[in-house]
Amino acid sequence: MPIDKIFKDDASEEKGERARMASFVGAMAISDLVKSTLGPKGMDKILQSTGRGHAVTVTNDGATILKSLHIDNPAAKVLVDISKVQDDEVGDGTTSVVVLAGELLREAEKLVASKIHPMTIIAGYRMASECARNALLKRVIDNKDNAEKFRSDLLKIAMTTLCSKILSQDKEHFAEMAVDAVFRLKGSTNLEAIQIIKKPGGSLKDSFLDEGFILDKKIGIGQPKRIENANILVANTAMDTDKVKIYGARVRVDSMTKVAEIEGAEKEKMKDKVKKIIGHGINCFVNRQLIYNFPEELFADAGILAIEHADFEGIERLGLVTGGEIASTFDNPESVKLGHCKLIEEIMIGEDKLIHFSGCEMGQACSIVLRGASHHVLDEAERSLHDALCVLSQTVNDTRVLLGGGWPEMVMAKEVDELARKTAGKKSHAIEAFSRALVAIPTTIADNAGLDSAELVAQLRAEHHTEGCNAGIDVITGAVGDMEERGIYEAFKVKQAVLLSATEASEMILRVDEIITCAPRRREDRM
Amino acid sequence: MALAFDEFGRPFIILREQDQKTRLRGIDAQKANIAAGKAVARILRSSLGPKGMDKMLQGPDGDITITNDGATILEQMDVDNQIAKLMVELSRSQDYEIGDGTTGVVVMAGALLEQAERQLDRGIHPIRIAEGYEMASRVAVEHLERIAQKFEFDVNNYEPLVQTCMTTLSSKIVNRCKRSLAEIAVKAVLAVADLERRDVNLDLIKVEGKVGGKLEDTELIYGILIDKDMSHPQMPKQIEDAHIAILTCPFEPPKPKTKHKVDIDTVEKFETLRKQEQQYFDEMVQKCKDVGATLVICQWGFDDEANHLLMHRNLPAVRWVGGVELELIAIATGGRIVPRFQELTPEKLGKAGVVREKSFGTTKERMLYIEHCANSKAVTVFIRGGNKMMIEETKRSIHDALCVARNLIRNKSIVYGGGAAEIACSLAVDAAADKYPGVEQYAIRAFAEALDSVPMALAENSGLQPIETLSAVKSQQIKENIPFYGIDCNDVGTNDMREQNVFETLIGKQQQILLATQVVKMILKIDDVISNSEY
């Protein structure tokens with residue numbers, strides 16, 4: 001008596017070899033997809049959204065590409081997930097992590113085909129990844145104590161990160177900008193304090209870092225356009241009609257005169273409020289909510305600059321920059337901390353008017369104004385800059401750095417290779433495979449640059465045989481070169497995260513021997 | 001089909017719309033049911049043991065789960081067959097009751113069904129088989145009791161507990177750092193355990209996960225972790241020696257439950273109402289301040305004005321904290337949950353040594369740590385990991401480990417793992433079989449054979465020769481009369497599970513056998529399946 005099925009309709013089940021095959025193929029497809037964006041000569045992808053307007057994104061940021069894909073293969077989803085986590089955690093290396101995981105699985109597929117059990121492969125991979133990490137730890141450079149050198153390290157890291165992006169033309173300019181911005185944060189990883197404003201027009205070179213704070217808002221009519229030595233009150237309060245918040249209150253009147261009286265009282269209340277605000281001795285008032293015409297006029301009369309409808313982030317940043325607290329009640333002006341800055345003025349960037357706060361008390365926050373030819377360029381520039389900022393802010397906390405250009409991969413591959421030779425048993429095949437997967441990254445970088453990867457990697461491997469070698473692939477000249485001289489640096493934290501999450505993900509996929517797909521949830525037919 | 005005629009030859013209708021139903025009766029029904037049960041067990045079989053493989057499950061919304069936890073696999077599998085659903089229930093009840101061994105119980109049930117099929121072919125009545133199984137299970141459970149060993153441990157010497165948890169964790173993907181995770185689980189359980197009453201309330205252990213970092217960063221926090229931040233961005237991020245007011249009333253004007261209306265008809269009333277409103281906010285904040293609170297944790301939201309007043313009076317506050325978390329905080333800090341501002345008193349405040357906000361990664365996610373609580377009876381296991389699936393799987397593994405530790409505290413007895421207990425039981429049942437006269441004898445033997453299938457699956461998954469290994473271990477157990485020999489899954493080189501430190505809890509094993517027998521009995525007793533045929 002054959003059992004027909006134990007699953008619901010539409011649900012499917014794949015077992016053993018087939019399941020493994022499905023996940024290998026899926027994972028490799030994803031890694032091949034983003035592979036061509038790796039390295040300084042990587043290409044970009046155009047993503048067209050299916051949403052309204054078919055918005056187009058041009059990017060070579062791995063996480064952005066993968067985020068926008070609609071994927072059905074479960075293993076591929078695992079890779080998408082690791083790249084997303086990499087983005088959240090360290091900000092860069094989103095492509096590398098997927099490529100490495102893909103290569104590890106490609107190697108694993110070969111081993112499985114030659115009848116080595118996945119569990120053995122996992123055991124080997126684990127040993128190898130531990131060994132690779134230790135190899136990196138041995139070779140890290142740490143210039144924590146030497147502020148000047150550390151700064152130049154950061155600069156080099158920023159340039160290395162940026163050189164694979166659209167900003168590579170002006171990478172010195174942007175690297176300088178990013179390092180300055182991150183140093184202002186003084187060790188905090190809160191990138192919120194760095195505001196990126198995109199304004200189309202001009203060229204990328206015209207982008208600049210502003211020490212102050214720029215608010216993309218307009219100054220109310222008839223109010224001063226320029227204030228020196230400003231006392232700022234940052235507020236989050238209703239300046240339209242102040243509702244009575246006690247539940248169930250409502251106005252009920254029996255004659256027109258009463259209406260007028262109540263209206264008068266309301267107006268009086270608002271006037272009172274404004275008076276109290278003015279009583280703080282301020283000359284600038286920034287509110288998160290709307291400011292209606294009436295209070296605005298009152299502010300104008302008092303010569304106070306009032307800015308309405310600054311959104312939540314704007315308020316928080318402004319509070320951070322000027323050192324003022326965000327106020328919602330105004331009854332005790334003595335104890336409310338006001339924000340201060342030297343100068344508030346309206347400035348023009350391109351065609352837009354913005355409000356510029358300069359000479360602020362607390363220098364943590366700053367603004368970066370990006371200029372560029374089109375929205376696509378600006379969006380991509382923002383992503384690239386964000387990557388660089390993330391990496392830098394992480395590096396400030398974990399000051400260890402490594403050389404770049406395929407150097408860390410070669411160092412790891414060499415150590416792992418040596419481990420393979422020492423290990424007895426089938427595991428050594430897996431360890432060897434791990435080292436091959438590591439080498440695939442410099443190979444891809446070279447391939448993407450149109451260089452003879454086999455020749456270059458072989459040369460590199462030979463160079464690395466000598467102790468303490470700094471050789472890596474110099475894509476610009478197309479030859480093997482000393483990475484320290486060329487100033488190509490990478491953050492240790494990024495490399496470590498790439499290594500660990502790629503191993504973890506490939507391990508996870510390897511352990512699977514069965515895929516069960518549930519029936520997709522039925523959409524309600526609205527026909 | 002069921003069709004009957006009365007004395008005039010007119011048909012009765014017994015089943016409504018019988019054309020649209022399919023019906024299986026007698027031996028066919030049992031066979032079909034057994035086949036379905038076996039199919040489910042077959043899926044799980046490869047997940048058993050330290051070298052077991054994982055399953056990847058794609059949910060109806062395309063979300064992915066990767067796990068080798070039996071209960072989770074079955075839960076997500078979305079089965080349609082009734083018997084398969086019974087198996088799902090089986091592993092779920094093992095999960096609720098014991099928390100671990102959810103895969104083993106299904107494999108066991110599958111093996112029992114397979115054996116039952118063979119007995120059915122011999123023409124033994126299903127009820128007799130069921131009865132035989134029942135007797136055999138009793139023998140097995142008693143035997144387990146005999147071979148079980150008591151473990152001595154106390155708060156300072158928890159090594160045996162750690163070892164047992166490690167056995168549980170070794171079959172999961174987290175086995176890379178099973179030692180540290182097992183220690184975390186044991187410490188967590190010990191922290192909340194009531195050793196006098198031998199009871200552990202697992203609700204006091206909160207398991208939180210956050211993507212990022214690596215598995216090694218997983219930590220145990222003696223306190224509470226809540227996924228919230230301070231209500232006002234400029235409130236202090238760290239509070240030493242906090243006195244916590246735990247409120248379930250919002251910082252908002254009161255909303256009486258009875259319907260009412262406040263009519264404003266004169267300017268004076270408008271003015272008084274306005275004053276009252278201001279006063280109201282002021283009073284609320286002042287009340288908290290007066291009792292000496294330095295941190296307010298509230299279940300509800302704050303009005304903008306209240307928020308600022310709190311900030312202004314230097315009283316940090318957290319809003320929108322969930323009910324469960326609120327309870328945990330109250331337990332941990334020794335505070336009381338206060339439903340009304342009027343009832344706030346200094347005694348009702350909770351106390352914690354440090355409350356601090358911590359941010360993670362490049363996104364602006366923050367979490368609030370409440371540590372060094374007055375009454376450290378609530379702990380949090382904070383899991384980090386490379387990706388979402390990893391975190392989820394680690395959560396499940398930690399849950400299993402916590403359950404195992406709890407079971408050990410309840411009942412100190414352990415049996416040896418690696419199939420050793422099953423083999424010992426199988427030998428005992430086999431020996432007992434001969435004493436029973438009648439058909440049941442065959443069923444009891446079949447039960448013994450079914451018990452062998454767990455070590456067999458273990459050996460198979462570890463890449464060993466199943467039959468060869470099993471028979472070798474079996475003969476070793478008989479020869480030396482020691483029930484500690486099991487399958488050497490990790491290729492350590494010894495069969496002695498005492499040396500390998502592979503333990504399982506006695507109640508876990510007993511429950512596995514009892515639950516599996518029960519479900520199999522139930523399945524065997526079904527002789528008629530009526531189901532709606534496909535449209």
Side-chain angles (χ1 to χ4, degrees), chain A residues 1 3 5-8 11 23 74 77-78 81-82 85 88-91 117 119 126 189-192 236-237 244-254 258 261-262 265 269 316 319 325-329 335-336 390 500-501 504-505 507-508 511-521, chain B residues 28 31-32 35-36 39-40 43 46 51 53-61 64 66 77-81 84 173 176 211-212 214 232-234 253-255 260-265 267 270-271 273-274 276-277 303-305 307-309 311-312 359 361-364 386-390 463:
Chain A
M1 173 87 209
I3 57 141
K5 58 181 195 335
I6 51 171
F7 295 112
K8 289 218 174 109
S23 40
K77 279 193 180 155
V78 175
D81 198 51
I82 58 169
V85 173
D88 289 349
E89 199 57 18
V90 284
H117 194 265
M119 283 294 168
R126 272 188 192 170
T189 55
N190 186 7
L191 292 180
E192 287 283 289
N236 174 16
T237 184
V244 177
K245 283 170 193 153
I246 290 172
Y247 187 68
R250 64 169 183 174
V251 176
R252 186 176 208 150
V253 289
D254 44 15
K258 290 268 175 66
E261 273 171 29
I262 300 255
K269 188 181 172 190
E316 277 189 30
E325 75 182 43
I326 300 170
S328 295
T329 58
S335 56
V336 171
C390 287
L500 292 182
S501 17
E504 219 163 67
E507 191 178 301
M508 209 157 194
R511 279 175 69 101
V512 171
D513 75 335
E514 184 159 340
I515 301 176
I516 297 167
T517 314
C518 291
R521 200 180 296 285
Chain B
D28 276 348
K31 285 277 176 69
V40 173
I43 292 175
S46 64
K51 294 279 165 84
M53 305 293 277
D54 286 4
K55 307 276 176 256
M56 192 183 273
L57 301 151
Q58 190 166 22
D61 298 326
I64 307 263
I66 298 180
M77 233 162 54
D78 198 12
V79 290
D80 207 17
N81 187 296
I173 194 168
R176 180 153 49 99
V211 181
K214 48 188 193 294
H232 197 285
Q234 289 165 335
K255 283 186 185 168
H260 72 289
K261 289 216 168 67
V262 182
D263 283 346
I264 305 170
D265 49 7
V267 177
F270 185 78
E271 293 286 330
L273 206 61
R274 198 179 118 198
Q276 255 179 12
E277 185 188 290
D303 194 271
D304 282 344
E305 271 183 68
N307 202 0
H308 176 248
L309 272 177
M311 158 76 193
H312 196 76
S359 56
T362 61
T363 47
K364 52 163 184 175
N387 53 49
K388 208 169 66 216
M389 294 134 214
M390 193 77 190

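Numbered from 1 within each chain, the chains take letters A, B, ... in sequence-line order.
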Result of checking A/V512, A/T517, A/I516 against B/M56 for side chain to side chain contact (heavy atoms under 4.5 Å, CB included): A/V512
Identify the heavy atoms of B/M53 and A/H117 that sit nearest to each other, and give their distance. SD-CE1, 4.0 Å
For B/M390 against A/M508, the heavy-atom pair lying closest together: N-CE, 3.3 Å
So, taking the atom named CG in A/D513 and the one named NZ in B/K55, what distance separates them when rounded to the nearest 0.5 Å? 3.5 Å
Portion of A/I515 that has a non-hydrogen atom of chain B nearer than 4.5 angstrom: both
Heavy-atom cut-off 4.5 Å, strictly under: side chain, backbone, both or neither for B/I64 against chain A? side chain
